[in-house]
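Order of the sequence lines sets the chain letters (A, B, ...), proteins ahead of strands, with each chain counted from 1.
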Number of protein chains: 2
Amino acid sequence: MTATIKDVAREAKVSVASVSRALNGSGGVTPATEQRIREAATRLRYVPHGAARSLITKRTHTVGALMPDLHGEFFSELIRGIDLEARSHGLHLLVSSSHDGVDDAAAALRAMQGRVDGIVILSSPRVDAAFLDANLPEGLPTVLLNSGVKGTAHAVLNIDNFAGTYAMVRHLAGLGHKRIALVSGPKDNFDAQQREAGFRAAMAELAPNEPLRVVAGDFSEQSGYQAGLELLALKTRPQAVFAANDMMAVGCLQAFKEAGVEVPGEIALAGFDDIPIARYVTPSLSTVRVRIADLGKNAMDLLADLMDRPGVSAASVHTLGCDIVVRESCGAQRGAAAGATTKKTQRKPVR
Amino acid sequence: MTATIKDVAREAKVSVASVSRALNGSGGVTPATEQRIREAATRLRYVPHGAARSLITKRTHTVGALMPDLHGEFFSELIRGIDLEARSHGLHLLVSSSHDGVDDAAAALRAMQGRVDGIVILSSPRVDAAFLDANLPEGLPTVLLNSGVKGTAHAVLNIDNFAGTYAMVRHLAGLGHKRIALVSGPKDNFDAQQREAGFRAAMAELAPNEPLRVVAGDFSEQSGYQAGLELLALKTRPQAVFAANDMMAVGCLQAFKEAGVEVPGEIALAGFDDIPIARYVTPSLSTVRVRIADLGKNAMDLLADLMDRPGVSAASVHTLGCDIVVRESCGAQRGAAAGATTKKTQRKPVR
DNA sequence: AGCTTCCATGAAAACGTTTACGTTCGCCCT
DNA sequence: AGGGCGAACGTAAACGTTTTCATGGAAGCT
């Protein structure tokens, strides 16, 4: 079918060893014969058989990406960042997404065994330390994304949820809002936990005398809508609402609109993530921007590092900063134009 | 390091051949010894070495996905659909995205050589018949997505752009609009071409006496905004505007808003794709819905079919229908509630 | 009881590479 | 001029599987 190294050797009248050496640049080959070999190779459209190669070298030049079942921008941008960086490291990307259950993820992990040189894992609540210990092949370089697991065996890369939230709350407080409410995320979600912690810390420092207003959400638009209704029903209505993600903020916004409560006039609103929709709702949504592609890129860099090392001291924790994006919904841009196209947004990096 | 088949054989006191047979269910093994082998395997945490296996079987159980550099929903949903279906076929997914140039894509294709049993290629204008002939290994099962290439060697799966556009134009015409303008997409984009063809066909049939109003866009929001301005400047303003994708429709909408032209009151608007943003702009955007995950799933099914066959008669062309989604921007729901959460949208399948 | 048949099992080849180890040969050095 | 040395190249082993073929023995048949 397709040409093998033997065919090239015969064509160039050398041994297979010389072909291998010439094509891999391992030296020990005369420029003249190297040229002859290269010509023979292209003439036969020779491409080395990856499986055979990795059988002997024990390297697959492939990294795996294991992700829960998620839709939308986050997924695609993350893959994009990882893939781009992987390519620049000469690596391929084996994707296994859409894992709902533990068994599902375990099977995927097992199937990756021996097909990849390293793995990036985007955490879901199911993926905890115990799961990793049980299912990760020992010694396989691993980077955990957005994970609370402080394992000793793998690197962890997190979004700086805490600082991002803190900065946004400070921004809101700076606009004069003291009664700030939080719409929190799922209890078992790591990002949600950190965002709530950031909120509590910021409030403790910036508005220590205010009672804490936290209403529970689950990151869905629907739960944001519900939370919005609850907040409006409060005896003393908050001046500002910080939703732990943008979808919930959008839900809130909808509830406020339907109730005829003006945003940001009567109540300010902010979210977290900067999903594309945030720019297009009316009023446009102030939020904390996560540079997802960068997250993927950094994760890949981290992984490449781990793979180069002799596997010692893999444990480390890294953090990716985020920016706050000021649009209309928080009331800081009262005079700004309202156009999506012409709209100006201010962006400040956190820290 | 990790256990090999020999270790299992020793542990179970049989030959490697028996281990292979037992674990692959090839028969010819006593239930008793099979059990013994299975126990030994799990005890040693044995996982077959993929590379070694595919070296001899010539199957990688992996399919490749080659895609241009695109962001957002389309990418993630497509991958999601492909991955999900691949898994149900027992296949892995090797992704190579973000290819801007021809050389880039060619290199990626070459690198996939021997690592995959089949490929799904999402077309970009650069990927034409000549490119495929030059870079696709002969006999490798291939499915082309959204491609104008009518090759004899691969299967092609397209969105039914024509019917989708036709249906939307018919819907607009049914609302009484006869002067309908098109904002077209990039000239070299296959989807854009088909959508324009659908538009022309529909207009020829439904409003044969109207002069054709087509203004050029490039699928970007910015170009939609420009197109919107051009349309407003026309001597006889159109009653409805059909944008060849949603991003341009959003740009149009912005232009209309800034000019104080009411949508859908003074001018109706529709797009194509049903991106998530479409639901959240005000007024919400009527559009043609493409079930992207289904597209990926069908592509994968097609590919799996090709891989099972002895590679004969791969050529075929398939089409995936789309639905029109009626929201506020086309003026059909004058009395409907405006809420995103409570918003009701009608969906009709095309044909 | 003897012969055939069949089934479980083992030995070994094959897949396409890389690489450690020999071998050959030309060259330099004294 | 002869011995040694290093560069270029070839031979063969190794990687971990699957699979073909051979072998043995038990079971079935006459």
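Ionic pairing of A/E39 and A/R36 is not present here: no N-O contact between side-chain nitrogen and carboxylate oxygen is shorter than 4.0 angstrom.
For the helix from C/dA1-D/dT30 to C/dT30-D/dA1, the angle separating the two terminal helix axes comes to 40°, with each axis derived from five pairs and the value rounded to 10°.
At a non-hydrogen distance threshold of 4.0 Å, B/G28, B/V29, B/T30, B/T33 from residues 22-40 of chain B come into contact with DNA chain C.
Atom CG of A/L302 and atom NE2 of A/H154 lie 12.5 Å apart (nearest 0.5 Å).
Enclosure of atom CZ in A/R45 is not indicated, since only 12 or fewer non-hydrogen atoms of other residues, nucleotides or ligands lie within 6.0 angstrom.
As a whole-Å value, the separation of B/R115 CZ from C/dT17 P is 13 Å.
Exactly one residue among B/L303, B/L122, B/L93, B/V95 makes a side chain to side chain contact (heavy atoms under 4.5 Å, CB included) with B/I82. That residue is B/L93.
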For this session: Assign a letter to each nucleotide of nucleotides 10-16 of chain D from its 5' end: B, base within under 4.0 Å of a protein heavy atom; S, sugar-phosphate only; -, no contact.
Result: BB--BBB
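Residues A/F75 and A/S97 come closest through the heavy atom pair CE1-CB, 3.5 Å.
Looking only at side-chain heavy atoms (C-beta outward), B/L295 and B/N146 come within less than 4.5 Å of each other. Considering only heavy atoms from C-beta on, B/L132 comes within 4.5 Å of B/L144 through its side chain.
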For this session: Any chance you could lay out the salt bridge (Lys or Arg N to Asp or Glu O under 4.0 Å) test for B/K297 and B/D294, step after step, and finish with the verdict?
Result: CA-CA 5 Å; B/K297 174 183 153 56; B/D294 276 1; over 6 Å; no
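Side-chain atoms of B/D117 and B/T60 include a donor-acceptor pair closer than 3.5 Å.
A close approach under 4.0 Å does not occur between any side-chain nitrogen or oxygen of B/T57 and OP1 or OP2 of D/dT18.
Panel note: side chain B/D133, backbone B/A130; no donor-acceptor pair is recorded below 3.5 Å.
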